[in-house]
Peer 1: 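This is the structure, below, for whatever I ask next.
Counting starts at 1 for both ligands and their atoms, following the listed order.
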Amino acid sequence: MGLQDIRNLSLEELVQYVRSVDENPYRATQVFEWLYKRGAGRFEAMENLPLGLRERLKKNWALSNPVVVSQAVSHDGTIKFLFELNDKERVETVLIPAASRKTVCVSTQAGCKFGCRFCASGIGGWRRDLSCAEILGQILHVKNITPGGLLSHIVFMGTGEPLDNYDNLLKVIRILNAPQGLHIAARRITISTCGLIPKIKQLAQEGLQLELAISLHGSNQETRTVLMPVNKKYPLDDLVRACRDYIRATKRQITFEYILIKDLTCTPRAAAELGQLLKGMLCKVNLIPYNKVEEFLYEPPSRRDIMTFQERLKALGVHATVRMPRGRDVAAACGQLRHSASF
Ligand code: SF4
């Protein structure tokens, strides 16, 4: 077996390692800063470490960087990266630049188990979880090529279900959050989930001020099950109850992602059901006009139907915004990411 990647270690684990080789614990902070603040891709670059420690690190740990197989730039500035991992699995990552923010959309698994019927990521099934190092590697690559090296927001909305890779996800978030790490506030980190109720309950107890986005996509049990098979295991009513509990425990607002598909989810009945479901909840709804995936037959609704749907929700007291698609021309928009594409 090869060496483990050093980016799989939390700061506490790095301190333990440094102690175990009779070095002062502050060396762990230095290594951490090199890895995350300064984006070092090689141990040799860590100039303020004693030569002996640099050599020891090289002997004990791997420091691998994901390989960019290709990248595509959208006319709106969105950049999609296709990375190849050590075992040849491929994942996609997207940089979404805007005037006031730079957001990276990150993958947490190669493929996905949950097979939502509108999403390209689940088509080839699930291959494996990504390690912390592989998740962080995507973010660090994008950071290193971004002018000024400043990323403002991280969204775990790429390939895979983040909460299905819970331990690695939480470790990554703590590294992103740490002042000695990337120092990105938890409020600027969004986890998107298809609704794994036990994990939502666990997340509520972590004491993190994260943004939680729930992929809702159906306004009743039947429609949601058609679009999201996971709804059979974690039914809509139970999910909404878990969300209400989450809000109560964290005092944080939840975002519901809701896909607008012509004649299916974008109907007057669906708007009324959604209004009823979310009544009085500290939440907002992101309306996502369906982005075409060639394997599925669904169609996006007209602009007029989208606006009418939004108005109906507003009349029912539910705050909803329409998410403008980004990177659609390079298949980087919501639901279009794949785990082993080439472009
Ligand atoms: S929407 Fe999320 S959970 Fe569903 S198939 Fe796509 S990546 Fe998996």
Peer 1: Whether E273 and R269 form a salt bridge (side-chain N of Lys/Arg under 4.0 Å from carboxylate O of Asp/Glu) is what I want to check.
Peer 2: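 Result for this pair is yes, salt bridge flagged.
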Peer 1: Would you check, one step at a time, whether the test ring pair (Phe, Tyr, Trp, His ring centres under 6.0 Å) holds for F43 with W61?
Peer 2: CA-CA 10 Å; F43 292 117; W61 302 100; 8.7 Å; no
Peer 1: What is the closest protein heavy atom to atom 2 (Fe) of ligand 1, and at what distance does it sit?
Peer 2: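 Of the protein heavy atoms, G160 O, 4.3 Å lies nearest.
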Peer 1: Verify the distance test for C112 against atom 8 (Fe) of ligand 1: any N/O/S atom under 2.8 Å, yes or no.
Peer 2: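 It does; at least one qualifying atom falls short of 2.8 Å.
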Peer 1: Looking only at atom types and distance, does a side-chain atom of Q138 sit under 3.5 Å from a main-chain N or O of S107, one as donor and one as acceptor?
Peer 2: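 Such a contact is found between Q138 side chain and S107 backbone.
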Peer 1: What do we get for C116 next to ligand 1 when only non-hydrogen atoms under 4.0 Å count, side chain, backbone, both or neither?
Peer 2: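 Both backbone and side chain.
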Peer 1: Pick from Y258, F118, Y290, F114: which one makes a ring pair (Phe, Tyr, Trp, His ring centres under 6.0 Å) with H217?
Peer 2: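 Single ring pair (Phe, Tyr, Trp, His ring centres under 6.0 Å) partner of H217 among Y258, F118, Y290, F114: F118.
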Peer 1: Suppose I only count heavy atoms of G115 and a 4.0 Å limit; which atoms of ligand 1 are within that range?
Peer 2: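 Listed by number with element: 5 (S).
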Peer 1: Rounded to the nearest 0.5 Å, how far apart are CD1 of I214 and CD1 of I254?
Peer 2: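 The CD1 atom of I254 is 5.0 Å from CD1 of I214, to the nearest 0.5 Å.
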Peer 1: Closest non-hydrogen protein atom to atom 6 (Fe) of ligand 1, residue and atom name please, with distance?
Peer 2: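 Heavy-atom neighbour on the protein nearest atom 6 (Fe) of ligand 1: C119 SG, 2.3 Å.
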